[in-house]
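Have a look at the structure below before the remarks.
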Amino acid sequence: MLLEVIALAYTQAAYEAAKKYRDKNIKRVPLDMQLTEYAALKMAADAAGEKVNQYIKTAIRQRMEGDAASPTNR
């Protein structure tokens, strides 16, 4: 019984710590797309061995690096 209470308290504390971190450090960016576009995105992410979220983040990062390096986009 005591072990269950400790586990529950830890779980609640962990949840609250994670929520506090997310609230302070994470910005959600919703993305709407056509189902056919998502299917193509999912296939590309799978082919790259990545989750869709990571695939999108990598693509954005690469685009930002390319834009920053291009003198015509400054």
Side-chain angles (χ1 to χ4, degrees):
M1 181 73 168
L2 179 59
L3 205 50
E4 291 174 4
V5 172
I6 292 171
L8 181 59
Y10 173 77
T11 302
Q12 185 65 29
Y15 170 81
E16 290 174 8
K19 183 179 181 332
K20 183 178 176 181
Y21 175 84
R22 282 191 312 270
D23 290 348
K24 183 177 178 184
N25 296 297
I26 304 295
K27 171 65 177 158
R28 292 200 46 83
V29 182
L31 175 65
D32 296 332
M33 61 176 30
Q34 296 291 321
L35 290 175
T36 54
E37 289 177 327
Y38 178 79
L41 172 64
K42 174 86 168 92
M43 287 174 49
D46 289 346
E50 297 177 351
K51 302 265 188 201
V52 171
N53 186 302
Q54 186 59 45
Y55 189 84
I56 291 170
K57 289 178 182 179
T58 299
I60 292 170
R61 211 172 288 115
Q62 289 173 347
R63 174 70 184 264
M64 290 171 58
E65 290 169 358
D67 287 353
S70 175
T72 60
N73 290 334
R74 291 183 183 183

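All heavy atoms count here, side chains included; hydrogens, waters and symmetry mates do not.
Taking Glu16 as the reference, Gln12 meet the side chain to side chain donor-acceptor pair (under 3.5 Å) condition, with sequence neighbours excluded.
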Give every donor-acceptor pair under 3.5 Å between a side-chain atom in residues 22-32 and any protein atom, sequence neighbours left out.
| from | atom 1 | to | atom 2 | distance (Å) |
| --- | --- | --- | --- | --- |
| Asp23 | OD2 | Lys19 | NZ | 2.8 |
| Asn25 | ND2 | Tyr21 | O | 3.2 |

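Residue pairs satisfying the side chain to side chain donor-acceptor pair (under 3.5 Å) criterion with at least one member in residues 37-50, sequence neighbours excluded, are listed as follows: Lys42-Asp46. Under the side chain to side chain donor-acceptor pair (under 3.5 Å) criterion, the residue pairs touching residues 54-64 are Asn53-Lys57, Gln54-Thr58, Arg63-Asp67, with sequence neighbours excluded.
The environment of Met33 atom CE is dense: over 12 non-hydrogen atoms of other residues, nucleotides or ligands sit within 6.0 angstrom.
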